[in-house]
Structure formats: C-alpha cells, structure tokens
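Count residues from 1 along the sequence. Remember, it's 1-based here, ligands and their atoms both numbered in the order they're listed. All values below were derived from every heavy atom in this structure, side-chain atoms included, with hydrogens, water molecules and symmetry-related copies excluded.
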Amino acid sequence: METLLPVQTEFHIGIDDTDSRLGGCTTYTAALLFQELVSKGFKPVDFPWLVRLNPNVPWKTRGNGALSLHFSLEEEQLQEVKKIAVAVVERTSDLSQRSTDPSVVFLKGRTPSQLVEFSIRALHDILSVREARHIADAVGVETHLLKGSRGLVGALASVGADFSGDHTFEIIAYRTPENIGTTRRVNHDSVRRMDAMFRGLTFNNVDPETGRVLICPHGPDPVLFGVRGEDPASVARAFGQITVGEPIERTMIFKTNQGTDAHLGCHRTIDALQPYQSTVVVGRVSDAPRILRGGHVIFRTSDETGSVDCAAYNATGSVRETAFQLTLGDSVTISGGIRSRPPGELTLNVEKLEVTALVDVFRWENPRCSRCGSRCESMGKGQGLRCKKCKTHLSKTSRVQTTDHRKISLGVYRPPPRAHRHLTKPASRDRIHRPTFFETSEASIGQTLESLVSISVASS
Ligand code: ATP
C-alpha cells in the first residue's frame with residue numbers, strides 16, 4: 001500500500017524588540033529559538049536571518065536588527081512551534097524596560113510581495129505601527145505582542161526581507177550569563193591573524209588604519225564577538241582561528257543584509273526629504289564647505305527642488321577630507337541619514353560621498369616674466385608690473401587667469417571600518433557580485449546548513 005507523505009508548508013517566524021540598553025539581544029533570542037526547534041526535530045530551510053533596518057530610526061536600541069526563522073513544517077506541527085516561539089521570546093525579553101516592546105509574528109506559506117515591499121521601505125523610511133497592522137491583516141500574518149506594539153514593524157519586516165540582490169553571513173559567539181557585563185576575553189592577536197588569513201572572505205574584523213579589533217561589542221549584551229563574511233563555511237572556519245579566554249555558551253550563523261548598503265537604495269529629491277529617512281540625493285554643491293567646532297564639515301547641496309545642508313563628521317575620515325575640498329558647482333551623490341537639526345531644518349548626515357564631476361577652479365595671478373620666467377609683482381596702482389627677480393618691466397599690465405589643481409578626484413568615498421554602521425558596504429566587498437561569485441557555495445547551502453546547524457547546536 002502506498003504511504004502518503006505529510007504535506008510540508010513554509011513557516012516563517014519574525015521577532016523584534018526583545019532587548020534594552022541594559023541587556024539582552026534579539027539575535028540571542030533567535031539563536032535560542034532556532035536551536036531549540038532544531039533539537040526537537042523541526043526542519044529549518046535556511047539560516048536564521050538577521051535583518052538590519054533603517055539605522056536612522058530614533059527609538060532603536062543599538063543596530064536596529066530584527067530576526068526571522070524559516071522552517072518547513074507539517075500542518076500539525078505549527079501549534080507546537082508557535083507555542084515554543086512565544087515562550088522563548090517571553091523568557092528572553094526584559095519586559096520591565098519601558099523601551100522594550102517584543103513582538104513575534106507567524107506567516108504560513110510563501111512570503112507575499114506586499115510584505116517584501118514593506119520590508120524594503122523599513123530599510124529607508126519610518127513606518128507606522130498602524131501600517132504594520134494593516135499589512136499583517138491583509139496578508140494573513142498572525143501577530144503576538146508581549147507589551148506595546150512597536151516591535152511589530154521590525155518583526156514583519158524581518159520576514160519580508162529580500163536577500164536576492166546581496167547578502168552576507170555572520171557567526172556570533174554568545175557569553176555565559178556570569179560573564180555578561182565583564183571585559184570580553186578575546187585574544188586580539190588571534191583576530192588579526194584570522195583577518196589576514198580570511199581577507200576577501202570575511203570583512204570588518206580589524207580597522208586597517210588603527211589596527212583596532214572590531215568584532216567585539218562593548219555593552220552588557222550577551223554577544224562575545226561576531227565574524228562577518230561572504231559564506232557560512234568561511235565564517236565558521238574564521239571563528240575557529242580565534243582564541244578566547246572565557247566559555248562560549250553557544251554560537252549561531254546568521255544570513256544577513258549587513259555590509260550590503262541595503263538602506264541606501266532610495267533616491268529622493270530634496271523637497272521630499274523627511275527626518276530619519278536613509279536616502280540618496282543627487283545634486284551640486286551650492287555653498288562652500290566650512291568647518292564647525294569639533295572638526296565636522298558642512299556644505300550645502302542643491303537639486304532642482306531645493307537645497308539641504310550636508311554634514312560630514314570627523315569620524316568619517318576620507319569622507320570628511322573630501323567634503324572639505326568640494327567647491328561650488330561640483331556634482332555629488334550623497335547617501336546618508338536625515339536629521340532635523342536645528343528643529344525644523346534638515347541636515348543630511350553623509351555616510352557615503354560620490355564625487356561625479358569637478359568644476360574647474362580659476363585663480364587670478366600676476367603673469368610670469370617673459371625674460372626669466374619668475375612671477376611678476378605690481379608696481380602700484382596703474383603703474384604696471386615688474387619682474388621680482390630680474391626687474392624687467394612688463395608691457396602687459398593685467399593679471400592672468402590660471403586653473404587651480406583640484407586636490408580631490410572623482411570616485412566613491414566611505415568612512416573607515418571603525419565608523420561603519422552594520423549595513424555599510426565595506427570597500428573590500430566592492431568587487432563581489434553575489435549571484436555569480438557565490439553560485440556554487442549558495443547551491444551547497446542546503447547541504448552545509450544541516451552540518452553547520454549541528455556544529456552550533458553541539459557547542460551550546
Ligand atoms: P538590537 O540591534 O540590539 O537587537 P535594536 O537596535 O534592533 O536592538 P530594537 O529594540 O529592536 O532596537 O528597537 C527598534 C524598534 O524600531 C523596533 O520596535 C522596531 O519594530 C522599530 N523599527 C524598526 N525599523 C523601523 C522603521 N523603519 N520604522 C519604524 N519603526 C521601526
């Protein structure tokens with residue numbers, strides 16, 4: 001007799017806003033839940049997704065990260081999975097903190113395009129909880145709010161994330177509870193060695209200018225360190241090279257949009273700018289750069305709809321240096337976040353600066369001597385010019401126009417890795433074209449997922 005296999009269905013879980021500045025981390029909640037579900041035999045179809053959203057949202061805790069998990073389940077398994085998910089989120093959320101509004105969402109079946117569009121907008125706009133509720137109802141997403149409703153935006157957006165253009169991976173090691181809040185014992189020399197071994201396959205381990213190790217956060221959260229890279233096998237191997245002086249509670253590999261510039265995909269005209277957007281503006285410099293207290297550089301950019309102040313902060317290194325050399329009429333493409341500072345006036349904080357055309361800068365100066373070539377000087381008003389060196393009088397009395405040498409060239413300028421946001425695409429990833437370069441490793445993800453998941457589960 002023929003036995004019918006149970007029908008499998010896609011099942012997606014989105015989680016956000018479980019942590020506060022005093023502790024916790026939504027990636028930890030997701031790692032715990034993923035490992036608990038896998039250890040109970042539920043079948044994941046991908047690594048957990050760590051989805052970074054608009055980094056200019058003012059009420060984020062740290063890096064505006066939301067998490068989603070993706071499984072293939074039988075109909076009768078759904079209730080149990082939902083129960084476990086809500087219980088894990090409850091167990092790992094600090095509900096006593098005013099700013100923590102944990103949310104868990106469940107989607108059965110394929111991700112609808114409406115949710116993908118919502119997720120794309122959550123990368124560069126401010127979205128309302130009202131709209132999130134509306135979308136959830138429209139596409140049949142089940143929502144669980146543990147306190148307030150703000151976490152709904154991130155939880156929904158994490159399920160709808162679109163990684164088809166570009167994505168990366170991060171392996172995160174978590175600390176045991178008794179060590180949280182103490183200095184992280186990670187051997188920095190081992191990180192520098194790992195960085196040299198895995199260059200091109202991992203990124204942002206070490207700041208190249210200062211030698212500073214960048215893989216450890218600084219707060220009281222459970223993350224010991226995270227290594228970012230191009231594929232799961234490379235980050236797992238890089239992880240193995242790091243010497244650690246404290247126990248690791250568990251590790252998890254996440255698929256993520258970190259390091260992809262995903263938040264800088266929306267071009268806007270200046271009249272459409274609103275506070276807290278992440279945006280790209282194309283225009284011309286309309287007010288020369290000036291330096292503010294603290295060394296920050298401000299210049300004004302205009303397009304056909306208006307003009308906006310652009311701020312290149314001291315920490316942005318070559319972005320600031322280049323901004324200072326801009327002049328009226330230069331063509332620029334500026335990517336960054338909108339702030340209302342002072343209230344009512346918008347400023348575009350520059351995260352990436354592309355100089356697309358430089359104007360010629362002219363200078364008036366005295367001509368050179370026709371006999372010895374030295375620079376001439378004026379002999380007084382209406383009295384002509386004379387060579388400074390050989391004293392020859394010049395018949396020509398007018399000054400000549402010369403073209404100044406511009407100290408900057410066309411190109412894209414980014415901050416150094418130590419000043420990167422999670423989403424900033426490092427220059428080292430510029431030559432990576434995901435769909436072709438990683439075709440083979442993507443194809444083998446299905447096979448490697450299981451073995452890598454079991455590595456993570458075994459180390460917990
Ligand atoms: P961590 O990175 O440490 O996990 P976090 O920085 O992600 O913390 P959260 O505590 O998750 O901060 O707070 C971010 C809040 O902002 C969440 O409630 C999320 O739903 C909401 N949010 C995220 N993106 C947007 C957006 N584009 N518009 C409106 N709200 C958003």
Side-chain angles (χ1 to χ4, degrees), residues 13-33 48-69 89 92-105 115-136 141 143-162 170 172 174-175 180 216-224 226 228 252 254 256-258 262-266 274-279 337-338 420-424:
I13 307 170
I15 310 168
D16 197 13
D17 214 340
T18 64
D19 58 351
S20 75
R21 281 187 198 282
L22 299 180
C25 177
T26 311
T27 70
Y28 181 75
T29 303
L32 216 67
L33 175 58
W49 294 2
L50 164 51
V51 183
R52 298 285 176 185
L53 300 169
N54 184 355
N56 296 300
V57 163
W59 45 81
K60 65 180 183 171
T61 308
R62 281 179 297 262
N64 202 6
L67 277 294
S68 58
L69 308 183
V89 173
T92 52
S93 296
D94 183 3
L95 295 173
S96 64
Q97 291 304 309
R98 221 165 56 99
S99 59
T100 305
D101 287 329
S103 176
V104 192
V105 302
L115 203 54
V116 177
E117 280 154 28
F118 178 83
S119 182
I120 292 171
R121 283 179 43 234
L123 279 162
H124 53 71
D125 240 325
I126 296 288
L127 305 180
S128 67
V129 170
R130 205 162 148 250
E131 185 180 355
R133 283 187 198 282
H134 179 76
I135 295 273
V141 167
T143 63
H144 291 257
L145 305 177
L146 274 62
K147 220 173 80 190
S149 47
R150 194 176 260 173
L152 198 54
V153 176
L156 274 181
S158 72
V159 170
D162 178 9
E170 177 166 6
I172 299 184
Y174 296 97
R175 319 183 77 186
I180 293 174
C216 299
H218 299 286
D221 58 276
V223 174
L224 180 59
R228 294 160 184 213
M252 191 68 239
F254 297 90
T256 172
N257 59 357
Q258 292 174 157
H263 63 312
L264 302 178
C266 183
Q274 298 282 339
Y276 310 122
Q277 289 168 334
S278 295
T279 199
I338 303 292
H420 278 190
R421 308 185 106 160
H422 294 289
L423 280 163
T424 308

Taking only non-hydrogen atoms of Ile126 and a 4.0 Å limit, the atoms of ligand 1 in range are 28 (N)

Per-atom contacts, ligand 1 versus Trp59 - under 4.0 Å to a heavy atom: 13 (O), 15 (C), 16 (O), 21 (C), 29 (C), 30 (N), 31 (C)

Heavy-atom contacts with Arg52 under 4.0 Å: which atoms of ligand 1 show up? List them by number with element. 2 (O)

Closest by any non-hydrogen atom to atom 27 (N) of ligand 1: pick that one out of Val129, Asp125, Leu53. Asp125

I'd like to know whether ligand 1 has His124 as a neighbour, heavy-atom separation below 4.0 Å. no

With nothing but distance in play, are any N or O atoms of Leu123 less than 3.5 Å from an N or O of ligand 1? no

Return the CD to NE2 distance between Glu170 and His422, rounded to the nearest 0.5 Å. 8.0 Å

Any side-chain to backbone donor/acceptor pair from Asp221 onto Val223? Under 3.5 Å, distance only. yes

Find all atoms of ligand 1 within a distance of less than 4.0 Å from any non-hydrogen atom belonging to Arg62, and give their numbers and elements. 3 (O), 5 (P), 6 (O), 8 (O)

Numbering the atoms of ligand 1 from 1, which are under 4.0 Å from a heavy atom of Thr26? 4 (O)

If we ignore hydrogens and angles and just use 3.5 Å, is the side chain of Asp101 paired with the main-chain N or O of Gly151 as donor and acceptor? no

Can you give me the closest heavy-atom contact between Asn54 and Asn56, atom names plus distance? OD1-N, 2.9 Å

So is there a nitrogen or oxygen of Ala155 less than 3.5 Å from a nitrogen or oxygen in ligand 1? no

Just going by heavy-atom distances, which of Asn54, Thr61, Leu152 is nearest to atom 10 (O) of ligand 1? Thr61

For side chain to side chain donor-acceptor pair (under 3.5 Å), just list the numbers for Asn64 and Arg421, CA-CA rounded to whole Å, side-chain angles, deciding distance to a tenth of an Å, and then say yes or no. CA-CA 10 Å; Asn64 202 6; Arg421 308 185 106 160; over 6 Å; no

CD/Glu117 to CG/Asp162 distance, rounded to the nearest 0.5 angstrom? 10.5 Å

Heavy-atom contact check, 4.0 Å cutoff: does Gly151 meet ligand 1? yes

Which residue and heavy atom of the protein sit nearest atom 20 (O) of ligand 1, plus the separation: Arg150 O, 2.7 Å

Value for CG (Leu123) from CZ (Arg52), rounded to nearest 0.5 Å, stands at 12.0 Å

May I ask which of Val223, Val57, Leu67, Leu127 has a heavy atom nearer to atom 29 (C) of ligand 1 than the others do? Leu127

Please round to the nearest 0.5 Å and tell me the distance separating atom CD1 of Ile172 and atom CG of Leu224. 11.0 Å

Considering only heavy atoms of Gly63, which atoms of ligand 1 have at least one such atom less than 4.0 Å away? 2 (O), 6 (O)

As a quick check of understanding, evaluate side chain to side chain donor-acceptor pair (under 3.5 Å) for Ser103 and Asp16, giving each step before the final call. CA-CA 6 Å; Ser103 176; Asp16 197 13; over 6 Å; no

In sequence, state the C-alpha distance, the side-chain angles, and the governing distance for Thr27 and Tyr174, and then conclude on side chain to side chain donor-acceptor pair (under 3.5 Å). CA-CA 10 Å; Thr27 70; Tyr174 296 97; 2.7 Å; yes

Starting from atom 1 (P) of ligand 1, find the nearest protein heavy-atom neighbour and note its residue, name and distance. Asp19 OD2, 3.0 Å

Which of the atoms of ligand 1 are close to Gly154, meaning less than 4.0 Å from one of its heavy atoms? 19 (C), 20 (O)

Would Gly65 count as being in polar contact with ligand 1, using the rule that some N or O on each side must be under 3.5 angstrom apart? yes

From CD1 (Ile135) to CG (Leu152), nearest 0.5 Å: 10.5 Å

Are Leu67 and Thr29 close enough, and set up right, to give a side-chain contact (heavy atoms from CB on, under 4.5 Å), and what steps lead you there? CA-CA 9 Å; Leu67 277 294; Thr29 303; over 6 Å; no

Closest to atom 23 (C) of ligand 1 (judged by heavy-atom distance), picking from Asn64, Thr29, Val153: Asn64

Compute the shortest N/O to N/O distance between Asp16 and ligand 1 and return yes if it is under 3.5 Å, no if not. yes

Ranked by distance from atom 18 (O) of ligand 1, the top protein heavy atom is Asp17 OD2, 2.6 Å

Is there a polar contact between ligand 1 and Ala122, counting only N or O atoms under 3.5 Å apart? yes

Is there a donor-acceptor pair closer than 3.5 Å between any side-chain N or O of Ser158 and the backbone N or O of Ala66? no

